[in-house]
Amino acid sequence: VNPTYQPIQLEAELTAVAELWSPRVVAELNGQMVKVAKLKGEFVWHQHDGEDEMFLVLKGAMRIQFEDGEVTLRQGECFVVPRGVRHNPVADEECWIMLFEPANTAHTGEVVTARTRSLAEQTQHRREAG
Ligand code: NI
């Protein structure tokens with residue numbers, strides 16, 4: 001049996017996430033990062049000028065606020081925020097999500113906040129695991 005044929009255990013990956021709003025990279029493909037994160041509360045208004053951003057809710061529910069409305073995503077639902085559109089993710093209760101973004105996307109967009117995590121921070125556990 002080829003040992004590389006292993007599923008990515010999303011529940012275990014998310015259980016290992018201790019910090020809210022801190023994305024954890026679980027896979028990459030075609031220059032895109034697949035990340036998981038735990039959300040609760042309000043994030044920060046920001047935009048990504050060059051990249052679209054996909055949110056997929058794995059557990060719970062979240063809202064994405066826009067300047068002219070908002071979308072609510074429940075478990076099993078996803079949404080792509082178009083590039084250049086200002087948005088603010090909000091989770092009224094703890095929510096587990098998967099994100100798809102190009103490797104060069106800053107998750108807080110053009111805004112640097114206390115919640116901003118570098119890609120090195122988002123992938124640190126992968127180097128530790130070897
Ligand atoms: Ni964003």
Side-chain angles (χ1 to χ4, degrees):
V1 175
N2 186 325
T4 64
Y5 295 148
Q6 296 291 331
I8 299 168
Q9 302 287 351
L10 296 177
E11 178 111 23
E13 293 283 352
L14 276 152
T15 299
V17 172
E19 190 180 17
L20 297 170
W21 302 103
S22 183
R24 178 179 176 90
V25 174
V26 297
E28 18 184 326
L29 67 160
N30 306 321
Q32 300 270 329
M33 295 291 193
V34 180
K35 308 176 180 181
V36 295
K38 288 178 180 171
L39 317 181
K40 188 176 182 184
E42 186 170 335
F43 193 45
V44 60
W45 282 95
H46 66 278
Q47 66 193 58
H48 313 277
D49 287 330
E51 306 94 26
D52 308 316
E53 180 178 40
M54 179 171 151
F55 292 81
L56 166 64
V57 172
L58 301 174
K59 190 163 117 178
M62 68 175 294
R63 296 180 284 129
I64 307 173
Q65 298 177 327
F66 302 99
E67 286 176 336
D68 58 353
E70 69 171 35
V71 61
T72 297
L73 302 177
R74 297 180 181 82
Q75 184 171 327
E77 296 180 334
C78 67
F79 188 84
V80 177
V81 177
R83 63 192 65 190
V85 174
R86 285 186 69 72
H87 58 284
N88 182 33
V90 178
D92 298 313
E93 304 292 339
E94 183 168 306
C95 179
W96 291 11
I97 64 166
M98 178 177 277
L99 286 160
F100 298 85
E101 300 175 323
N104 62 355
T105 300
H107 69 122
T108 55
E110 81 291 8
V111 181
V112 176
T113 76
R115 284 182 170 151
T116 302
R117 295 291 174 268
S118 69
L119 193 57
E121 290 171 310
Q122 296 174 45
T123 57
Q124 184 175 6
H125 61 282
R126 306 185 90 200
R127 290 187 298 279
E128 288 168 351

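- Phe79 has its side chain out of reach of Val57: every pair of non-hydrogen atoms, C-beta onward, lies at least 4.5 Å apart.
- Summarising the geometry of Val36 relative to Glu13, their closest heavy-atom pair is CG2-CB, 4.3 Å, with the distance given to 0.1 Å.
- The stretch residues 27-39 participates, sequence neighbours left out, in these side-chain hydrogen bond (donor to acceptor under 3.5 Å, both in side chains) pairs: Glu28-Arg126, Lys35-Glu101, Lys35-Gln122.
- Here the shortest heavy-atom pairing between Val44 and Pro89 reads O-CD, 4.2 Å.
- Looking only at side-chain heavy atoms (C-beta outward), Gln47 and Arg86 come within less than 4.5 Å of each other.
- Note on Val85: it clusters hydrophobically with Val71, by side-chain heavy-atom contacts below 4.5 Å among ILVMFWY residues.
- In the hydrophobic clustering of ILVMFWY residues, with side-chain heavy atoms under 4.5 Å counting as a link, Val26 and Ile97 come out apart.
- Hydrophobic cluster membership differs between Val80 and Val90, with clusters built from Ile, Leu, Val, Met, Phe, Trp and Tyr side chains linked at under 4.5 angstrom.
- Ring geometry for Phe55 versus His87: interplanar angle over 60°, hence perpendicular rather than tilted (30 to 60°).
- Put simply, Ile64 and Trp45 are part of two different groups of oily side chains (I, L, V, M, F, W, Y) that touch within less than 4.5 Å, one to the next.
- Scored by the salt bridge (charged side-chain N to carboxylate O under 4.0 Å, His left out) test, Glu42 finds no partners at all (sequence neighbours excluded).
- Within the 4.5 Å cutoff, no side-chain heavy atoms of Gln75 are placed close to those of Trp96.
- Grouping the Ile, Leu, Val, Met, Phe, Trp and Tyr side chains by contacts below 4.5 angstrom, directly or via other members, places Met62 with Leu20.
- Heavy atoms from other residues, nucleotides or ligands lying under 6.0 Å from CD of Glu11 number 12 at most.
- Pairing each heavy atom of Cys95 with each of Gly60, the nearest pair is SG-C, 4.3 Å.
- Considering only residues two or more places apart in sequence or on other chains, Glu70 meets the salt bridge (charged side-chain N to carboxylate O under 4.0 Å, His left out) condition with Arg63.
- Looking only at side-chain heavy atoms (C-beta outward), Val81 and Phe66 come within less than 4.5 Å of each other.
- Annotation for Asp49 and Arg83: closest pair O-CB, 3.8 Å, computed over non-hydrogen atoms.
- Contact check for Leu39 versus Trp21: side-chain heavy atoms found under the 4.5 Å cut-off.
- For the residue pair Glu93 and Lys40, the shortest heavy atom distance occurs at C-CG, 4.2 Å.
- Considering all non-hydrogen atoms of both residues, Glu51 and Pro102 come closest at CG-CG, 3.5 Å.
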